[in-house]
Amino acid sequence: MKKRFLAAGASVAAAAMVLTACTPPGGGDDEKSSDKSSVNIGWNESFRSMNTLTANGNAVSNAILTYMMNDNFGYYDGDLEVQDGALGKIEQVSEDPLKVKYTFNDDAKWSDGTPVSAADLALTWAGQSANFNTVEANNADDGSVKKNDEKTVYFDAATAGSALIKDFPEISDDGKEVTFSYSKPFADWEAELGQGADGVGVPAHIVAKKALGIDDAAKGKQAILDALKDKDTEKLSKISNTWNTGFDFTSMPEDEDLLVHSGPYKMTDFKEGQYVTLEVDDKYTGPVKPKVDTVTVRYNGDPMAMIQAIENGEVDMTQPQATADVLSAAEDLDGVTVDAADGATYEHVDFTFDNKGPFDPEGNGGDEEKAKKVRQAFLQTVPREDIVDKIIKPLNPDAVTRDSFSQIPGSPMYDAITSKNGVEEATEVDPEAAKKLLKEAGVESPAVRIMYDNTNSRRQQEFQLIKESAEKAGFKVEDVGDVKWGTRLGDGTYDVSLFGWQSESTGVTENDANFRTGAQNNYGGYSNKKTDKILDKLLVSKEDEQEELLTDLESQLTEDAFGAPIFQFPELTIYRDKVKNVKSTAVSPTMFWNYWEWETN
């Protein structure tokens with residue numbers, strides 16, 4: 001599709017040995033005194049934005065909630081098959097040129113009664129296309145998006161598919177139909193707009209109210225469409241500011257407009273860093289009918305605290321950071337089911353190319369070859385096998401290193417791609433070979449700052465293993481781990497990042513956001529025209545061309561010493577027997593995909 005969600009490790013309240021000081025509505029055994037059903041879910045990172053399309057909003061912790069609060073045109077089921085969503089239907093109405101039509105159902109409405117319509121999807125297209133931006137970027141030194149001045153338009157998102165939609169869409173008079181024309185064929189057109197947790201994005205009429213001061217919903221929607229059609233810089237500057245940050249919040253907002261939603265659940269309570277409560281919205285008019293009245297997501301980054309909360313009945317379901325201790329503790333509990341499988345997330349190590357550091361050509365006198373040798377040397381110290389053996393195999397005895405940037409081990413193209421992409425050879429641990437490369441580069445004892453979630457026990461172990469190995473080759477490793485690692489991505493204050501990507505779809509164009517020059521998830525500033533050309537071909541590729549193109553892509557990443565994949569996350573879905581129909585799937589939003597089927601007894 002377009003991007004991968006940041007997959008968090010431990011985050012807020014990680015030091016606490018209990019979930020929270022407060023018990024939210026529905027917590028503990030409160031449901032016994034009520035006719036209404038409730039489910040309490042443990043999660044490791046707190047909600048922070050209703051807009052999952054922005055760089056800041058692009059996180060699983062947001063997606064799991066927006067998925068329940070907003071309807072969509074399609075979603076992945078437990079077998080990774082795309083199912084029709086509740087908003088309407090998508091159809092290809094022309095192959096050459098590629099035209100895709102979205103038709104909204106009559107009962108598709110926002111929670112304030114405003115129809116969900118073409119303006120909402122058009123704004124989402126504009127926001128993630130970069131076609132309306134007047135600058136390539138508008139970010140502060142810490143990576144956060146800055147406020148645009150009246151002459152600047154910058155939407156803080158970018159996807160390859162929407163970028164291929166150059167022209168303003170065709171819209172029916174009633175706004176129930178919208179047709180987008182692509183300037184080129186696009187392999188993943190079915191998954192580009194209106195899918196999963198993203199839905200159709202934030203409500204256009206609320207954006208118009210906040211950005212343009214238009215209270216009337218219909219007039220607001222039209223104003224958004226007019227600004228897009230006319231490319232009105234002054235108005236789009238205000239619109240993009242609201243779209244970028246106007247829907248961010250970390251506790252229950254006083255402004256109810258920020259909670260306008262199109263799905264069956266509404267947010268009714270949010271205590272910062274502690275919990276979020278969703279309740280079934282009686283005003284919802286769509287076809288999704290959840291069987292659970294109240295869902296409370298409770299936050300703690302300590303996976304063992306989650307197991308304790310399961311045991312105590314404070315939490316009914318969780319997908320904590322999986323470790324051998326967590327698995328053992330969960331399996332010892334009575335009345336609890338533990339489902340273990342490969343998850344949607346893979347761990348990887350990335351280099352920073354644009355911070356004048358040890359891996360940046362500019363930090364090496366402008367010498368690209370010298371910088372590459374330093375990167376290659378570091379890759380030969382990353383103990384991937386050791387990490388898998390010591391951290392992952394206790395959970396999954398059959399675990400292997402992941403040797404592909406794009407494919408899950410065991411997937412149809414995995415063996416063919418990994419036999420040619422060079423990842424295994426480039427990452428073979430060899431301190432002496434690493435020392436030789438550093439000597440050839442004329443670099444002695446380079447200092448390397450590694451950024452990761454330092455409250456996450458698994459990442460702490462990974463960091464120590466990498467540090468010990470790298471220092472044998474002469475690197476000086478500095479620990480710059482941070483619980484707020486997600487907000488620091490791309491800020492240039494580190495040289496190596498260690499985190500996970502969680503796929504949002506099965507589309508081949510997902511790779512674009514990670515590796516293209518200037519793309520949304522390319523936090524390290526990597527840039528190569530050869531890579532961009534391969535990605536261009538992938539965008540318009542046919543199925544029988546994709547294996548060769550992906551092999552070319554991965555081989556180029558290896559040649560450039562981009563970084564390396566390490567392992568596929570083992571996933572533990574742990575739930576009390578009181579909750580029925582809990583299933584997970586290998587893309588975001590994992591176990592939340594079928595929330596309407598959950599039942600309690």
Salt bridge [X]-[Y], side-chain N to carboxylate O under 4.0 Å:
X	Y	value
Glu559	Lys372	yes
Glu362	Lys356	yes
Asp430	Lys436	no
Glu468	Lys472	no

Any side-chain to backbone donor/acceptor pair from [X] onto [Y]? Under 3.5 Å, distance only.
X	Y	result
Glu554	Ser406	yes
Thr558	Asn421	yes
Asn456	Arg459	yes
Ser237	Thr233	no
Ser555	Asp552	no
Thr134	Thr152	no
Lys166	Ala163	yes
Arg375	Ala561	yes
Asp350	Ser497	no
Asn138	Tyr154	no

Heavy-atom side-chain contact between [X] and [Y] under 4.5 Å:
X	Y	result
Thr590	Val60	no
Val374	Phe475	yes
Leu228	Ile224	yes
Thr323	Ser457	yes
Leu535	Leu553	yes
Leu572	Leu395	yes
Ile387	Ile466	yes

Problem - Among Asp560, Asp354, Thr517, the one residue meeting side chain to side chain donor-acceptor pair (under 3.5 Å) with Ser527 - result: Thr517

Exercise for the section: Could you check Asn51, Asn58, Thr52 and say which one makes a side chain to side chain donor-acceptor pair (under 3.5 Å) with Asp198? Expected result: Thr52

Practice task
List the steps and the verdict of salt bridge (Lys or Arg N to Asp or Glu O under 4.0 Å) for Asp536 and Arg516.
Solution key: CA-CA 9 Å; Asp536 286 341; Arg516 182 180 292 277; 3.0 Å; yes

Between [Y] and [X], is there a side-chain donor-acceptor contact under 3.5 Å, judged purely by atom types and distance?
X	Y	value
Gln556	Thr531	no
Glu192	Ser162	yes
Arg488	Thr493	yes
Gln319	Ser584	yes

What are the two closest non-hydrogen atoms of [X] and [Y], and how far apart are they?
X	Y	answer
Ala447	Pro358	O-CG, 3.4 Å
Arg48	Ser61	NH1-OG, 4.2 Å
Ser404	Ile417	OG-CG2, 4.4 Å
Ala416	Glu547	CB-OE2, 3.3 Å

Exercise for the section: Check step by step if side chain to side chain donor-acceptor pair (under 3.5 Å) holds for Thr54 and Asn56. Expected result: CA-CA 5 Å; Thr54 66; Asn56 178 60; 5.2 Å; no

May I ask you to check whether over 12 heavy atoms, not counting those of [X], lie within 6.0 Å of atom [atom1]?
X	atom1	value
Lys235	NZ	no
Lys210	NZ	yes
Glu368	CD	no

Practice task
Would you check, one step at a time, whether the test side chain to side chain donor-acceptor pair (under 3.5 Å) holds for Asp495 with Thr352?
Solution key: CA-CA 5 Å; Asp495 307 304; Thr352 302; 5.6 Å; no

Spacing of [atom1] belonging to [X] relative to [atom2] belonging to [Y], to within rounding of 0.5 Å:
X	Y	atom1	atom2	result
Asn148	Asn244	CG	CG	6.5 Å
Asp398	Lys393	CG	NZ	8.5 Å
Asn522	Leu489	CG	CG	11.5 Å

Practice task
Kindly determine whether Asp360 and Asn355 satisfy side chain to side chain donor-acceptor pair (under 3.5 Å), including the steps that lead there.
Solution key: CA-CA 6 Å; Asp360 179 0; Asn355 68 343; over 6 Å; no

Practice task
Sequence neighbours left out, what passes ring pair (Phe, Tyr, Trp, His ring centres under 6.0 Å) with Tyr67? Give chain and number order.
Solution key: Tyr595

Exercise for the section: Run the ring-centre check on Trp125 versus Phe155 and record whether the distance is less than 6.0 Å. Expected result: no

Problem - Phe499 ring center within less than 6.0 Å of Trp485 ring center - result: yes

Practice task
Might you work through the side chain to side chain contact (heavy atoms under 4.5 Å, CB included) test for Tyr452 and Asn454, ending with a clear yes or no?
Solution key: CA-CA 6 Å; Tyr452 65 103; Asn454 61 1; 3.8 Å; yes

Handout entry: Among Tyr523, Phe515, Phe351, the one residue meeting ring-ring contact (aromatic ring centres under 6.0 Å, His included) with Phe562
Key = Phe515

Exercise for the section: Could you please spell out the steps behind the side chain to side chain contact (heavy atoms under 4.5 Å, CB included) verdict for Glu428 and Glu425? Expected result: CA-CA 5 Å; Glu428 184 176 352; Glu425 296 81 358; 5.6 Å; no

Exercise for the section: Mind running side chain to side chain contact (heavy atoms under 4.5 Å, CB included) on Val207 and Ile239 for me, showing each step along the way? Expected result: CA-CA 7 Å; Val207 174; Ile239 290 168; 3.9 Å; yes

Practice task
Start with the C-alpha gap between Lys537 and Glu545, add the side-chain angles, then the distance that decides, and say whether salt bridge (Lys or Arg N to Asp or Glu O under 4.0 Å) holds.
Solution key: CA-CA 9 Å; Lys537 292 178 182 177; Glu545 304 168 327; over 6 Å; no

Handout entry: Verdict with supporting geometry, Phe567 and Thr401, side chain to side chain contact (heavy atoms under 4.5 Å, CB included)
Key = CA-CA 5 Å; Phe567 59 81; Thr401 59; over 6 Å; no

Problem - From CA spacing to verdict: side chain to side chain donor-acceptor pair (under 3.5 Å), Thr418, Glu424 - result: CA-CA 8 Å; Thr418 56; Glu424 190 172 0; over 6 Å; no

Problem - Axial cation check for Tyr346 ring with Arg402, 6.0 Å and 45° limits - result: yes

